[in-house]
Amino acid sequence: MAATRIDGKALAAKLKENVRAEAAVLPRKPGLAVILVGDDPASRVYVTSKRKDCEECGFYSEEYALPAETTQKQLLELVAELNGRADIDGILVQLPLPKGLDEREVLLAIDPAKDVDCFHPYNVGQLTIGTPVFQPCTPGGVMEMLREYHIDPAGKRCVVLGRSNIVGKPMALLLLHAHGTVVMCHSRTPDLKELAASADILVSAVGRTGLVTADMVKEGAVVIDVAVNRDEAGRLCGDVDYSAVAEKASYITPVPGGVGPVTRSVLMENTLAAALRHGKGALTIRLYREENTIVSSFSNRADCLTAEDAAHVFERFYTADKMRTGQSTGLGLAIVKALAERMGHTTAA
Ligand code: GUN
């Protein structure tokens, strides 16, 4: 039976609409700065798409297109300036950087609270121990797709092809946290074909056209193609032999129109989350529970609002115009009261 095609474009539009609606009630637009060094054409395309996403979500965005000759010092100075800017919530340095620039040092220089790529070692550490501050964008996008199509990794055999810091490693972690049994394969894996063929969920993030053939896919498997390659005719394609594999899989993602757009929506979600947590002028409310009581305080790094709570809060925002004024005290109290009301708790705010 032919597989169900997972529609990344439609899901991305839905996620961005949620982000737009949430951002619209903030007293200030979330701000994203994107730095591109050099003239890699693929990176240029990605950066342009991110600008469009920001427009759609009602974000403020800045783009820095720097020449390939930019020095490490200049790049670090720009990052430091953006770290200090109150109107910038997220900083993204497009990778790869041109030769001669030290990627590791640049990523370390980004304020972890503005690291919307989830590349800073602090955020990678938080992700690893299961308390993520940001979602890694591409793996986060894959998880959104699985959720949207009611595919639960719990107890499933999940095989990840590729071990990059951007995709393979964080992908394995997210699947593990979702209770999958995870196998990571890479260039030194001798029995990659057999392992791939054992997968209930197969994620390919290698970057080699035609790598995943139908004989490497179990009947009924879910196949997620993260790669963005070009075929001999110059057309965009992934790692997976789409038409042959679609005959065996239960679900499959296309390239283009699959993981890519959802990845960018997760970047928007991360930027919104950073804005919600970030400094003065943005919403900086901390909510936590003590016994039967919801308590609020106002500070940076607020993490305590669950998705369900947030959905309820934002629902209330839309019907209460006075809460759109940006007066944070009133807003905070309103949130606490709204939550307390729903949960039947008492309020101490
Ligand atoms: N290059 C390829 N993918 C990414 C990404 O997700 N973020 C950044 N910053 N650079 C990339």
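Both ligands and their constituent atoms are indexed starting at 1 by order of listing.
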Min heavy-atom dist Val93 to ligand 1 below 4.0 Å: yes
Return the closest protein heavy atom for atom 3 (N) of ligand 1 as residue, atom name and distance. Ile166 CD1, 4.1 Å
Look at Glu77 together with Lys73 and state whether they make a salt bridge at an N to O cut-off of under 4.0 Å. yes
Decide whether Arg157 and Thr181 meet the rule of one side-chain donor and one side-chain acceptor closer than 3.5 Å. no
What atoms of ligand 1 come within less than 4.0 Å of a heavy atom belonging to Leu92? 9 (N)
Give the contacting part of Tyr46 toward ligand 1: side chain, backbone, both or neither, where contact means a heavy-atom distance below 4.0 Å. neither
Tell me which protein heavy atom sits closest to atom 10 (N) of ligand 1, plus the residue, atom name and distance to 0.1 Å. Leu95 N, 3.0 Å
Please indicate whether His179 has more than 12 foreign heavy atoms, meaning atoms of other residues, nucleotides or ligands, lying under 6.0 Å from its NE2. no
What protein heavy atom sits nearest atom 9 (N) of ligand 1, and how far off is it? Asp117 OD2, 2.6 Å
Looking at Arg147 and Glu144, is any side-chain nitrogen of the basic one under 4.0 Å from a carboxylate oxygen of the acidic one? yes
Is the shortest distance from a Lys or Arg side-chain nitrogen in Glu17 or Arg20 to a carboxylate oxygen in the other one below 4.0 Å? yes
Could you tell me the residue and atom name of the protein heavy atom closest to atom 11 (C) of ligand 1, and the distance to it rounded to 0.1 Å? Gln94 NE2, 3.4 Å
Is it true that atom CZ of Arg208 has more than 12 heavy atoms of other residues, nucleotides or ligands lying nearer than 6.0 Å? no
Going by the atom numbers of ligand 1, which of them fall below 4.0 Å from some non-hydrogen atom of Phe119? 5 (C), 7 (N), 8 (C), 9 (N)
